[in-house]
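See structure below.
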Amino acid sequence: MLDTQYQAKDHESQIYKLWLDHDCFNPDSKINQNLRAKSKKGQESYSVIMPPPNANDPLHVGHAMFVTLEDIMVRTARMQGKDTVWIPGTDHAGIETQFVFEKKLKKEGQSRFNFDRETLFKMIWDYVGENSAIAVDQIKKLGASADWSRYKFTLDQDIVKTVLETFTKMNDDGLVYRTNRLVNFCPKCGTAFSNLEVDHKEQDTSLYYIKYGPFVLATTRPETKFGDTGLAVHPDDKRYQQYIGQEIEVEGLNGNFNLRVIADEMVDPEFGTGVVKITPYHDFNDFAAWQRHKAELPEPIQVVDFEGRLTAAAGKYARLKVAVAREQIVKDLEEKGLLVKVDKNYHNNLSVCYRCGNPIEPLPLPQFYIKVKGLTDAVSQRLDQGEIKVYGAGHDKILRHWLDNLEDWNISRQIVWGIRLPIWYKIEENLDAQITFIDTEKQRVSGKLSELLEKYSIDEIRNGLQNINASIEAKYLVSQENPGDNYLQETDTFDTWFSSSQWPFVTLMNNKPGDFERFYPTATMETAYDILMFWVMRMLMMGIYKTGKAPFKNIYLHGLIRDAKGQKMSKSKGNVVNPMEISEKYGTDALRMALIIRSSAGLDKSVSDGDFKATRNLSNKLWNASRFILLSKEENKEKPIANCSNDQAFEEKLQAITKEVTKNLESFQIGVAADTLYNEFWHWFCDQCIEESKKGLINQDLMFKGLLIFLKLLHPFIPFVTEAIWQELVKENLVEEKILASSAWPE
RNA sequence: GAGCCCGUAGCUCAGUUGGUUAGAGCGCUUCAUUGACAUUGAAGAGGUCAGAGGUUCGAGUCCUCUCGGGCUCACCA
């Protein structure tokens, strides 16, 4: 007989093992085939692709949220007899992982510059391998009914092959191009980022008013002045009409130089002095201005390098870090009498790296881009046609906005942890490429390929290769195979999102034979709203491009989990809820229920200890109600079944609850479904009906039937306790179906 | 500057085509308790659904405006 209290810890791991032993999560298992054979919906396919968490990161509460929501959807569909699969996986998480690994290297007194790229890749691979069980084990602990026999990792060979095929197809279709543009470069992380990966931080900074010949102009970045190639004023600015088109002489820190004055509407005559210096290689607006005025302006000059130091163009300031150089330059300008004034309380937004928080430098770098216009239009069209539905407070509108305004996608990343671009440079055609490699003496060598080849063999360069920076006009070949010994492969890797945007179809195409036809398009993509444009939007673009079909029919976006006061959780605030701790303390069921009950698509949710206690109590309530019903069933075994006065009302209500909960689940009202079940089970079934049954107003057997229905309806939400009770019923021979997880949904 | 979301009980939040006395959890008050459960039960206090106007037989729900909070994007060098 059951204990008087339900102790989640005593049951959960055994229950999960029981499910695995019966292969309950695999659509091809006997038990699920039998379930489907009896179901009207047996022909209907239902698939969910799990958003792959970072392979070597412990889970946070957001993961618990997605596991719970998706598990509810999947368990419901499975019990409804649909051909159901939930495909799990993990992500190599390019920059995230390399960033963490580099911190580890730093602790050991090393840095990425000490290794050639193949060695570094291998080291990260091993590191991830050591830790990759973490995420998977924790997902299991959360009760995920995912089919582990279909598990995939983003760097699995077959996955990579398909990703590269997609790239090749895009290249063949003319969607890929290489160009030299300003990129968002993080000197600390050593890589460029797409616009989406740049954060903006409000800051108070200084606005320096500097003398430029007859003008005074305001700038926040005096250290880039050595890259000035012109000055700009507004075409209608009366003050400066006489100078437009003229060259003026400017006194500088490295001697005098000349700048031409151009007229451009981008200049706001009201701001500062109405004069702007044009520094095309270090400011996005200036770069655009330079492109408009190429005929009037000289070639741009790069003053800041990829390590965040000034280049030789800065004369005596060369090799200084940007911040140091700025201080020094301001001081020197002041001494020379070129600094007119400083506005110290200037407020603006600084672009910072979303990963490390350091300032982003706009820098010129040839990169590979994908033309997005056709891809985004195709997505908009599907949305117009209602082929894809978005659940989540207003986020559909945000998706639309992005689709209409997305700029071409920079897919090159200067890191090693990722899928290397299948781009090849023929050596004899690219002798001007800039190369960095580690020679056999473990020395880091940089230089022009032609010069390096005089001292080193091509094999030595290839083996120690760190970085190739081919010229802007470089000729290249796209090939998934090595085209020959006279080629060097591009050292850039794909943006992580380039591979994860293909996740729904690559996982299905490279799984059991027939999976793609059987499960694509998938039913629902469920994820947090904060990666809507990084991931969901791009999955739509890539899925439609590659397969002609949107990769999913529904998008369910959940909100962020916040603390009891509604504050965002963060390590520095110390208010982080660790799902594993909650699971240990209150049980996984309590964790799951607390996260999703009364949650609403697209909106954030606060949780506190009180919430977990309340849902833990639900498990206990269910356990004890079951105990009572079993006890009374045992006692009344000999008595004939008699009809009682409230039987009919009981059955009707039970039916109504089943209908309502099913409807809620099918219309993505998951928080409402949970709330309904909680209240109806506790306050109606327990508080009311059990009491009535004690008075003989409801038939005991009917109560048992009611219990079975509640166990089934509650199972997707709190799978462990419901299954634990079910197994007691199996032991007592009271039910036919051996596993609740693969039992039929009530009608 | 633009867009999006939110404002419902002391706190955290549900309330999807507008429809009976507006709900839950936690907290609070009083009482109960040997046929399951104190991780319990019963009863109760507590809301002019941010404010104003409008549409309607009827508005927490739809429209307009105002105020307050949050998020995102874009920005003046």
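Just so we're on the same page: letters track the sequence lines, and every chain starts at 1. Predicted model only: the values in this text are computed from it and were never measured.
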Using the P atom on both, measure B/rU34 against B/rG51 and round to a whole Å. 48 Å
Of the candidate nucleotides B/rG25, B/rA36, B/rU72, which contains the atom at the shortest distance from the side chain of A/Ala614? B/rG25
Taking the side chain from A/Asn624 and the backbone from A/Asn620, do they hold a donor-acceptor pair closer than 3.5 Å? yes
Whole-angstrom distance between B/rA59 and B/rG46, as gauged at atom C1': 24 Å
Taking for A/Ala218 and for A/Trp402 the nucleotide of RNA chain B with the nearest heavy atom, the one nearer the 5' end belongs to A/Trp402
Would you classify A/Asp286 as touching base, sugar-phosphate or nothing, given that sugar-phosphate means primed atoms plus P, OP1 and OP2, and contacts are heavy atoms under 4.0 Å? nothing
Which whole number of Å gives the distance between the P atom of B/rA2 and that of B/rC65? 13 Å
Distance below 4.0 Å between A/His200 side-chain N/O and B/rA74 OP1 or OP2: yes
Considering only heavy side-chain atoms of A/Gln5, the closest of B/rA36, B/rU39, B/rA77 is B/rU39
Under 4.0 Å, heavy atoms only, any strand: does A/Asn679 hit a base, just the sugar-phosphate, or nothing? sugar-phosphate
Could you tell me whether A/Glu691 contacts a base, only the sugar-phosphate backbone, or nothing, with contacts defined as non-hydrogen atoms closer than 4.0 Å? base
P spacing across the pair B/rC26 / B/rA43, given as an integer number of angstrom: 16 Å
Ionic contact status for A/Lys633 with A/Asp701, cut-off 4.0 Å: yes
Report yes or no: do A/Gln203 and A/Asn348 form a side-chain donor-acceptor pair below 3.5 Å? yes
Could you check how far CD1 of A/Ile629 sits from P of B/rG35, rounded to whole Å? 18 Å
Between B/rA77 and B/rG7, how many Å separate the two P atoms, rounded to a whole number? 36 Å
Given atom CE of A/Met703 and atom C1' of B/rG35, what is their separation to the nearest angstrom? 14 Å
Quick one: is A/Lys397 getting a side-chain N or O under 4.0 Å of the B/rC5 phosphate, OP1 or OP2? yes
Between A/Ala393 and A/Asp268, which is nearer to the 5' end of RNA chain B once each is assigned its nearest nucleotide? A/Ala393
What integer number of Å spans the C1' atoms of B/rG60 and B/rU20? 16 Å
Using a distance-only test with no angle check, is there a side-chain donor-acceptor pair under 3.5 angstrom linking A/His558 and A/Glu526? yes
In whole angstrom, give me the gap between the P atoms of B/rU61 and B/rG19. 10 Å
If the C1' atom of B/rG68 is compared with that of B/rG25, how far apart are they to the nearest Å? 26 Å
Nearest whole Å is fine: how far is B/rC5 C1' from A/Tyr529 OH? 9 Å
Between atom NE2 in A/His395 and atom P in B/rC71, what is the gap in whole Å? 13 Å
Ignoring hydrogens and geometry beyond distance, is a side-chain donor-acceptor pair present between A/Thr220 and A/Thr205 at under 3.5 Å? no
Which atom pair, heavy atoms only, marks the closest approach of A/Trp623 to A/Asp3? NE1-O, 2.8 Å
Testing B/rG25, B/rC73, B/rA77 for proximity to the side chain of A/His683, the answer is B/rG25
Which part of the nucleic acid, if any, lies within reach of A/Ala625 when heavy atoms closer than 4.0 Å are counted: base, sugar-phosphate only, or nothing? base
Among B/rA77, B/rA36, B/rG25, the one nearest A/Tyr678 by side-chain distance: B/rG25
Tell me which pairs pass salt bridge (Lys or Arg N to Asp or Glu O under 4.0 Å) where either residue lies in residues 394-404 of chain A, with sequence neighbours left out. A/Asp384-A/Arg400
Against the side chain of A/Asp687, the closest entry in B/rG41, B/rU39, B/rC73 is B/rG41
Nearest-angstrom distance from the residue atom CD of A/Glu692 to P of B/rG41: 16 Å
What is the per-nucleotide protein-contact pattern of nucleotides 7-18 of chain B, from the 5' end, where B denotes a base atom under 4.0 Å from a protein heavy atom, S denotes such proximity for sugar-phosphate atoms only, and - denotes neither? -----SSSSB--
Grab the two heavy atoms, one from A/Val390 and one from A/Leu399, that are nearest each other, plus how far apart they are. CG2-CD2, 4.3 Å
Strand RNA chain B as a dot-bracket string - pairs counted if Watson-Crick or G-U with both distances under 3.5 Å, | where the partner lies in another strand: (((((((..((((.....[...)))).(((((.......))))).....(((((..]....))))))))))))....
Interatomic distance where NZ belongs to A/Lys613 and C1' belongs to B/rU39 [whole Å]: 10 Å
Taking NZ in A/Lys9 as the centre, count heavy atoms belonging to other residues, nucleotides or ligands within less than 6.0 Å. Is the count above 12? no
Classify A/Tyr6 by what it touches in the nucleic acid, base, sugar-phosphate, or nothing, heavy-atom distance under 4.0 Å. nothing
When you compare the side chains of A/Asp609 and A/Tyr586, does any donor N or O come within less than 3.5 Å of an acceptor on the partner? yes
Rounded to the nearest Å, what distance is computed from the CG atom of residue A/Leu595 to the C1' atom of nucleotide B/rG25? 14 Å
When you measure from the side-chain N and O atoms of A/Asn617 to the phosphate of B/rU40, is any distance below 4.0 Å, counting only OP1 and OP2? yes
Would you check if there is a donor-acceptor pair between the side chains of A/Asp264 and A/His234 at a distance under 3.5 Å? no
For A/Leu618 and B/rU40, what is the distance between atoms CG and C1' respectively, to the nearest whole Å? 14 Å
Examine B/rA77: is either OP1 or OP2 under 4.0 Å from a nitrogen or oxygen in the side chain of A/Asn348? Give yes or no. yes
What nucleotide among B/rA77, B/rG35, B/rU40 has an atom nearest to a side-chain atom of A/Thr220? B/rA77
Return yes if a side-chain donor-acceptor contact under 3.5 Å exists between A/Ser619 and A/Asp589, otherwise no. no
